[in-house]
Amino acid sequence: MYAAEPPPRPIETFVFMDLEATGLPPSRPKIAEVCLFAVTRHALENPQFSQSFPKPVPLFPRLVDKLCVCVNPDKPFTPIASSITGLTNEVFDRNKKQSFNIHVLHMITAFFNRQHPPICLVAHNGCSYDFPLLKAELDTLGFPALDEIYCADTIKAMKALDNENNQLHQFIYQPNPFGSKKKYGLRDLYFKFYKVYPLNSHSAEEDVITLISIFQQRARELLCWMDSNARPFNTMKAMYKETESYTSFSRTPENIQPVHPSYLQRQPRRRVATSCSLFPVEVEPAGIESSPPNNSSSDMPDEIKNMLLFSLGLLIITWIAFRSPEYS
Ligand code: DCM
Ligand code: MG
């Protein structure tokens, strides 16, 4: 059990996250895209500004670590999720994308290990969607992850700040051509600050960019709020507990072995000419998915092969000699 304590000292790295998935609860969604952008406190506290008129706007931080991964959800998208994200099960299958397996866990863990602690995972509506969903997927893998990582929800933070400052009017709904009534939606907040809508929504990467741009507009207040209100990620409750039994070998976590470092060192490619191609084709070095070596005759040592050929030759000569007229 984890104590829901805030970080012991000011947060040094903010990892902005967005997930795309197959739908909304209670459909027990599965992740289809995960995107993480790590930005330091220093970069958020010391932005560069554009020379734009009438008001200079903060420029997007220049120094950002980024990780975006497509994940085959192995579950049908709801029609609305598919339509807003532009993602389909077919596109994941055709592109042979892997599911949320231990390699994704390794990538995420390695990404966090490179950041300066304390680290806070930040997502818009994170407490209601992204954090519980990520927790559910990590729990399904059955490995402990994201210990000592904090998390904070920008919708909660902005609402709390508006209440504290008694500045609710600041985010009161402004009529817009699309008639949205959400005051704290990502698109509405972006419009509030930048007077245009973000070009793309519902792609994990574009939503993270939009979130950081909004965050920059209230960075000082938000940083301060998160220092006292961020909570350990592992105190989050998973959105659901995966009860479905794994149906295929590839999805069974025990069967997904970490990649041995030697496989990560790129081997020189062998060039092989094939009969059906005018050009040599490149053959990948044997990897973890290649079949184990077998001891078929093609692997027989040359000396034995030569001896067998020699014996066969002798046998043929003797047989011909005995069939000649001299012996008949
Ligand atoms: N989502 C949905 N229906 C909506 C909004 C969102 O099914 N009306 C699901 C699919 C999205 C995921 O939530 O991939 C995350 O939403 P967002 O793109 O806003 O981050
Ligand atoms: Mg999104």
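First listed ligand is number 1; within each ligand, the first listed atom is number 1. Quick caveat, the model's predicted, so the values are computed rather than measured.
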Hey, is the main chain of [Y] close enough, under 3.5 Å, to the side chain of [X] for a donor-acceptor pair?
| X | Y | value |
| --- | --- | --- |
| T40 | T13 | no |
| D153 | N125 | yes |
| N95 | K97 | no |
| Y150 | I11 | no |

### Query
Rounded to the nearest 0.5 Å, how far does SG of C68 lie from CD of E205?
4.0 Å

### Task
Say whether T78, considering both its backbone and side-chain N or O atoms, lies within less than 3.5 Å of an N or O atom on ligand 1.
no

### Task
Report yes if some N/O of T85 lies less than 3.5 Å from some N/O of ligand 1; otherwise report no.
no

### Query
Between the Mg ion (ligand 2) and D18, is there an N, O or S atom separated by less than 2.8 Å?
yes

### Task
Kindly confirm whether the Mg ion (ligand 2) is within less than 2.8 Å of some N/O/S atom in E20?
yes

### Message
At less than 4.0 angstrom from any non-hydrogen atom of L24, what atoms of ligand 1 do you find?
### Response
1 (N), 2 (C), 3 (N), 4 (C), 6 (C), 7 (O), 9 (C), 13 (O)

I need the contact type for [X] against ligand 1. Using non-hydrogen atoms and a strict under-4.0 Å cut-off, is it side chain, backbone, both or neither?
| X | result |
| --- | --- |
| L186 | neither |
| T22 | neither |
| D18 | side chain |

Checking a contact table here: which protein heavy atom is nearest [atom], and how many Å away?
| atom | result |
| --- | --- |
| atom 16 (O) of ligand 1 | E20 OE1, 3.9 Å |
| atom 15 (C) of ligand 1 | L19 O, 3.4 Å |
| atom 12 (C) of ligand 1 | Y129 OH, 3.3 Å |

### Query
Out of G23, A21, G185, who gets a non-hydrogen atom closest to atom 7 (O) of ligand 1?
G23

